[in-house]
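First comes the structure, then the notes that go with it.
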There are 2 protein chains.
Amino acid sequence: MNRLSHSEENYLKEIFHLSGLTDKRVSTNSLASRLNSKASSITDMLQKLSDKKLVKYVKYKGCDLTKEGERIAIQIIRKHRLWETFLVSKLSFGWEEVHDVAEQLEHIDSAKLIDSLDRFLNYPKFDPHGDPIPDKDGNIVYRKSKIKLIDAAVNSRVEIVRVNEDSLALLKFLERHELTLGIELYVLEKFPFDDSLSIRIVGGSEINLSKKVTESIAVKFISKI
Amino acid sequence: MNRLSHSEENYLKEIFHLSGLTDKRVSTNSLASRLNSKASSITDMLQKLSDKKLVKYVKYKGCDLTKEGERIAIQIIRKHRLWETFLVSKLSFGWEEVHDVAEQLEHIDSAKLIDSLDRFLNYPKFDPHGDPIPDKDGNIVYRKSKIKLIDAAVNSRVEIVRVNEDSLALLKFLERHELTLGIELYVLEKFPFDDSLSIRIVGGSEINLSKKVTESIAVKFISKI
DNA sequence: TTAAATTTTTAGTCTAGTCTAAAAAAATGA
DNA sequence: TCATTTTTTTAGACTAGACTAAAAATTTAA
Ligand SMILES: [Mn+2]
Ligand SMILES: [Mn+2]
Ligand SMILES: [Mn+2]
Ligand SMILES: [Mn+2]
């Protein structure tokens, strides 16, 4: 297979992410908004990727990845997450600073480089936001029994295992309030009025979190309190 | 200044290298052959870079860099050489494996990344081939009193301080014969017939080196023997 | 000094990736 | 159901960066 352009790689990656969420066909418009481009551009590219047998595309019916397309998408995600991990753990970047650089680094084409980096980092399983890092062969081990904080039961003790990396502002907010990976929380009370949630950081202070925040944090259950 | 394309950055870098050698105007054809493209493409790009005030271009008279063009070229070279150093010293790449990957990595746009990398590597002065690494401000400290092996005097002891990285085959040849940076040699005899040169590695074996090889190695004088 | 060779530029074409505007298909809902 | 709205595709245009072929300028050398 010929080398793909950055643009083609970004399409494959985004199709993977979108179809992972819904586990079905990805619409032209949803891609357009994620890729910050116009629907007509998406249609063009889907036709090209379809010719290359990387996506299954049916006019007016959206697309999904072929086996080969998925393989490539996963390798790009692997690179993205390994680079993010490198930036945080070796170069002392903050977790809110790594995504944009990783968007560039993920397109570097060298199997030897990425496998050496993986070894250098000691084969990390998760990136700085708690997302799983696919291995060399494309296997992804998803964390089992992980729920959104918004769905956690009142009076439970939980640990933050993953945050949504899409928003810079969210990551800064979380950092500011010490809501980082591995931190444990008590879920105190839910407020139906605005769907906010009060938590207490174990050994720390009480905070009221908005729906927008509690939807973006994933936790694992530790115990009842 | 707007972000430059990979192609524009490669032009600037190559103009810098070519004008460094001759310290005068760079011809269209010399650029074409170094960049593996056609003279007409070079002309187009030079006109564009001239509009952007990155090169001084006079029709039919070649070009050279403006202050700003040179500044950018040096930053790209800094990135290239820091990445090569990273690959060799942290990821155990061989010195013949790093150039192609660095050609990609040099275009990653993040001042924070490159300055962190510099610190992580402990501010290296030279890359794996012995070329100087420009600092953050673009200062380049060239090694003083460095001569080509071909010009070294018979009966002198010298140390290898730099090799030409352009040819993969050369780097492999040198590796194979233990002719790496820091290695010391006795210059034994010159053979006018084919301009070859016999050397002995200090504590090692005698080797006859072709003109092509001795032109591509730079050494520093240690002592008479 | 001028004719021939070489180098460089111009003119025109191509592809990738994007866009806008218009047309067509699909989904919605009264 | 069928008219309206929404989504998607097509048609046509643009830009960056490359190419080939032909024209123009420069250099070489007889
Ligand atoms: Mn990311
Ligand atoms: Mn991440
Ligand atoms: Mn190099
Ligand atoms: Mn080098």
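In this entry the distance linking CD1 of B:I42 with P of C:dT10 reads 15 Å, nearest Å. The interatomic distance linking B:Q47 (CD) with C:dA11 (P) rounds to 10 Å, in whole Å. Residue B:N2 contributes atom CG, which lies 14 Å from atom C1' of D:dT15 at whole-angstrom precision. In this structure, NZ of A:K38 is placed 18 Å from P of D:dC14, rounded to the nearest angstrom. Atoms CG (A:D44) and C1' (C:dT20) sit 13 Å apart, rounded to a whole Å. Between B:R3 atom CZ and D:dA16 atom C1' there is a gap of 16 Å when expressed in whole angstrom units. Rounded to whole Å, the distance from CE on B:M45 to P on C:dT9 is 15 Å. For the pair A:L46 CG and D:dT7 P, the interatomic distance rounds to 17 Å; values are reported in whole Å.
Contact annotation: the side chain of B:N208 approaches that of B:F191 to within less than 4.5 Å [non-hydrogen atoms, C-beta and beyond].
The aromatic ring centres of A:Y142 and A:F126 sit 6.0 Å or more apart. Taking the centre of each ring, B:H80 and B:H99 come in below the 6.0 Å mark.
Between A:T43 and D:dT9 there is a side-chain N or O to OP1 or OP2 distance below 4.0 Å. For C:dT18, neither phosphate oxygen OP1 nor OP2 lies less than 4.0 angstrom from any side-chain nitrogen or oxygen of A:S37. Look at B:Y57 and you'll find a side-chain N or O under 4.0 angstrom from OP1 or OP2 of C:dT9. Distances shown here put every side-chain N or O of A:S27 at or beyond 4.0 Å from the OP1 or OP2 atom of D:dT7. Of the side-chain N and O atoms in A:N29, one or more sit less than 4.0 angstrom from OP1 or OP2 of D:dT8.
Considering CG of A:L179 and CG of A:L209, their distance stands at 6.0 Å, rounded to 0.5 Å. A:I77 CD1 to A:E9 CD: the interatomic distance, rounded to the nearest 0.5 Å, is 11.5 Å.
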Could you run down the sub-3.5 Å N/O contacts of the protein with nucleotides 21-29 of chain C?
| from | atom 1 | to | atom 2 | distance (Å) |
| --- | --- | --- | --- | --- |
| C:dA25 | O4' | A:Y60 | OH | 3.4 |

Would you tabulate the nitrogen or oxygen pairs shorter than 3.5 Å linking the protein to nucleotides 1-5 of chain C?
none

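Heavy atoms of A:S41 sit under 4.0 angstrom from at least one base atom.
Around the NZ atom of B:K38, the shell of radius 6.0 Å holds no more than 12 heavy atoms that belong to other residues, nucleotides or ligands.
For the side-chain hydrogen bond (donor to acceptor under 3.5 Å, both in side chains) criterion with A:R78, the lone passing option out of A:D135, A:D127, A:D115 is A:D115.
Ion pairing of B:K13 with B:E103 is present here, as a side-chain N (NZ or NE/NH1/NH2) and a carboxylate O approach within less than 4.0 Å. Under 4.0 Å is where a charged nitrogen must lie from a carboxylate oxygen, and between B:K67 and B:E70 at least one such pair does.
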